[in-house]
Number of protein chains: 2
Amino acid sequence: MTTRSYQRQDCPVAHALSVVGDQWTILIVRDVLGGPKRFDELQRGLGISRNLLSKRLKQMVEAGLLARRSLPNSRRFAYRLTPKALELRPAILALAEWGQNWRDQSGGTVVEITEKATGEQVGLRYCRLSDGREVQSDAISVQRLPENDSA
Amino acid sequence: MTTRSYQRQDCPVAHALSVVGDQWTILIVRDVLGGPKRFDELQRGLGISRNLLSKRLKQMVEAGLLARRSLPNSRRFAYRLTPKALELRPAILALAEWGQNWRDQSGGTVVEITEKATGEQVGLRYCRLSDGREVQSDAISVQRLPENDSA
DNA sequence: AGTATATAGTTTATTTTTTGAACTTAAAGA
DNA sequence: TCTTTAAGTTCAAAAAATAAACTATATACT
């Protein structure tokens with residue numbers, strides 16, 4: 001969240017981490033993915049210190065990741081995700097899958113992705129954009145290109 | 001990398017972040033994805049301070065993310081990725097895509113994924129495990145389940 | 001009405017990390 | 001021989017995170 005030297009790098013990964021790369025931001029998004037949360041809910045659920053949570057929430061609102069709304073008929077507030085933060089879901093699920101696969105002892109909570117309509121299991125895979133067919137991870141190549149920003 | 005309070009959480013995301021959630025680890029993996037790197041290459045490329053890089057590299061070797069090998073016929077060393085670190089590629093690419101989509105000014109470097117064989121563009125998508133067909137992101141549901149570790 | 005509890009933070013002091021810059025050691029090159 | 005390169009280490013200063021107590025306001029209980 002704070003300005004780090006690597007923000008000067010022209011790299012989408014470095015840019016993403018400059019926004020969500022701190023110790024807590026991803027975990028806050030993870031919690032709010034489960035529905036809007038109040039300050040104390042987040043604080044208790046995460047075990048983060050209150051002053052840091054306060055600072056992070058402000059920064060995340062500022063960064064356009066969270067919206068702070070007062071709840072109807074009360075003086076309480078809820079934080080909900082913006083579309084920008086919602087789009088972090090693939091990254092978070094990729095981390096979850098890695099965390100599951102490489103944890104020392106088996107057991108513990110597992111994150112499962114299913115298709116709503118059928119209940120079938122779903123995973124993050126590489127797909128050809130043209131036809132949506134899966135491509136094996138060792139059959140892909142990654143390049144960094146300077147974009148000709150004609151957008 | 002260091003022990004944080006959220007490591008006590010039973011969550012694959014929190015576990016993943018306890019290993020790769022610090023400010024530099026993901027960027028180091030990103031750089032080494034491009035091939036083995038030496039200490040000074042990493043230091044210059046990242047702009048990280050030398051003592052911190054030294055500490056991170058040790059922790060990453062310890063965590064099984066990097067292997068440190070001496071180069072033939074020289075007293076130099078190269079750090080290369082282990083399979084464990086290689087499997088972070090989907091998470092890193094998901095972050096890259098998000099970073100690209102949500103950066104303020106258009107332009108700058110873009111990460112492009114292609115199929116080696118055909119050169120066709122590829123992206124990370126949700127796929128049904130049964131048949132490998134793509135599922136739209138709003139058609140999925142995410143649950144956290146306690147695993148019955150029969151593994 | 002008076003007291004207790006809940007919510008959403010703020011304040012302050014301490015500890016831990018990160019940064020930056022200089023230093024070390026050993027080998028290779030000019 | 002003198003200089004440069006490589007891979008770190010050491011040390012001091014700055015920044016960030018932690019923990020615990022405190023505040024302010026509003027509702028709930030007795």
Side-chain angles (χ1 to χ4, degrees), chain A residues 1-9 14 17-29 31-32 35-63 65-80, chain B residues 1-9 14 17-29 31-32 35-63 65-80:
Chain A
M1 303 291 293
T2 49
T3 301
R4 303 268 179 168
S5 47
Y6 66 69
Q7 284 196 29
R8 290 173 227 131
Q9 293 179 28
L17 291 177
S18 75
V19 181
V20 302
D22 100 287
Q23 296 285 342
W24 290 106
T25 300
I26 294 266
L27 290 175
I28 293 172
V29 173
D31 274 19
V32 186
K37 293 280 176 297
R38 287 177 292 102
F39 184 93
D40 278 34
E41 288 183 284
L42 288 169
Q43 195 274 317
R44 274 191 295 271
L46 293 165
I48 186 177
S49 66
R50 305 177 72 79
N51 56 351
L52 186 54
L53 177 59
S54 175
K55 186 196 264 190
R56 279 290 167 278
L57 291 174
K58 274 178 195 155
Q59 290 171 323
M60 290 172 74
V61 168
E62 174 73 19
L65 295 172
L66 294 178
R68 179 180 183 271
R69 309 278 288 274
S70 61
L71 291 167
N73 313 328
S74 88
R75 247 141 259 80
R76 312 203 234 177
F77 303 96
Y79 293 90
R80 63 186 64 234
Chain B
M1 302 292 294
T2 50
T3 302
R4 302 270 178 169
S5 49
Y6 66 69
Q7 284 198 26
R8 289 172 228 133
Q9 294 179 27
L17 291 176
S18 76
V19 181
V20 302
D22 99 287
Q23 297 283 343
W24 291 106
T25 300
I26 294 267
L27 289 176
I28 293 172
V29 173
D31 274 19
V32 186
K37 293 279 176 298
R38 288 177 293 102
F39 185 93
D40 278 33
E41 287 182 286
L42 289 168
Q43 196 274 317
R44 274 191 296 271
L46 293 164
I48 185 177
S49 67
R50 305 178 70 80
N51 56 355
L52 187 53
L53 176 59
S54 175
K55 184 196 261 190
R56 279 291 167 278
L57 291 174
K58 275 178 193 155
Q59 291 171 322
M60 291 172 73
V61 168
E62 174 73 19
L65 295 172
L66 295 178
R68 180 180 182 270
R69 309 276 289 275
S70 61
L71 292 167
N73 313 327
S74 89
R75 247 141 262 79
R76 312 204 232 175
F77 302 97
Y79 294 89
R80 63 186 63 235

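Here is the naming used below: chain letters follow the sequence lines, and residue numbers restart at 1 for every chain.
When rounded to the nearest whole Å, the span between CD of A/Glu41 and C1' of C/dA6 equals 13 Å. A/Phe77 places its CZ atom 11 Å from the C1' atom of D/dT25, with the value rounded to the nearest Å. In this structure, CG of B/Leu71 is placed 17 Å from P of C/dA27, rounded to the nearest angstrom. B/Leu53 has its CG atom 10 Å from the P atom of D/dT9, to the nearest Å. Taking atom CG of residue A/Leu52 and atom C1' of nucleotide C/dA8, one finds them 16 Å apart after rounding to whole Å. Atom CZ in A/Arg38 sits about 17 Å away from atom P in D/dA26, given to the nearest Å. Taking atom CG of residue A/Asp22 and atom C1' of nucleotide D/dT18, one finds them 14 Å apart after rounding to whole Å. Rounded to whole Å, the distance from CE on B/Met60 to P on D/dG8 is 14 Å.
Annotation: side chain of B/Leu53 is not in contact with side chain of B/Trp24 (no heavy-atom distance under 4.5 Å). Two residues are said to be in side-chain contact when any heavy atoms from C-beta on lie closer than 4.5 Å; A/Ile28 and A/Leu65 fail this criterion. Contact annotation: the side chain of A/Phe39 approaches that of A/Arg50 to within less than 4.5 Å [non-hydrogen atoms, C-beta and beyond].
Contact between the side-chain N/O atoms of A/Trp24 and the OP1/OP2 oxygens of D/dA16 is not found at any separation under 4.0 Å. Of the side-chain N and O atoms in A/Ser54, one or more sit less than 4.0 angstrom from OP1 or OP2 of C/dT10. The phosphate of D/dG8 has OP1 or OP2 within less than 4.0 Å of a side-chain N or O from B/Tyr79.
The side chain of B/Arg75 has C/dA27 as its nearest neighbour among C/dT19, C/dA27, D/dG8. With D/dT9, C/dA8, D/dA6 as the candidates, the nucleotide lying closest to the side chain of A/Arg68 is C/dA8.
Side chain of A/Gln43 to main chain of A/Ile48: a donor-acceptor pair is present (N/O by atom type, distance under 3.5 Å, no hydrogens or angles).
Applying the 3.5 Å distance criterion, the base of C/dA8 shares a donor-acceptor pair with the side chain of A/Arg50. A donor and an acceptor atom sit less than 3.5 Å apart, one in the side chain of B/Asn51 and one in the base of C/dT19.
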* Checking side-chain contact (heavy atoms from CB on, under 4.5 Å) for the pair B/Gln23/A/Leu17: CA distance, chi angles, key distance, verdict? -> CA-CA 8 Å; B/Gln23 297 283 343; A/Leu17 291 177; 5.9 Å; no
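If you check every strand for non-hydrogen atoms under 4.0 Å, A/Lys55 touches nothing.
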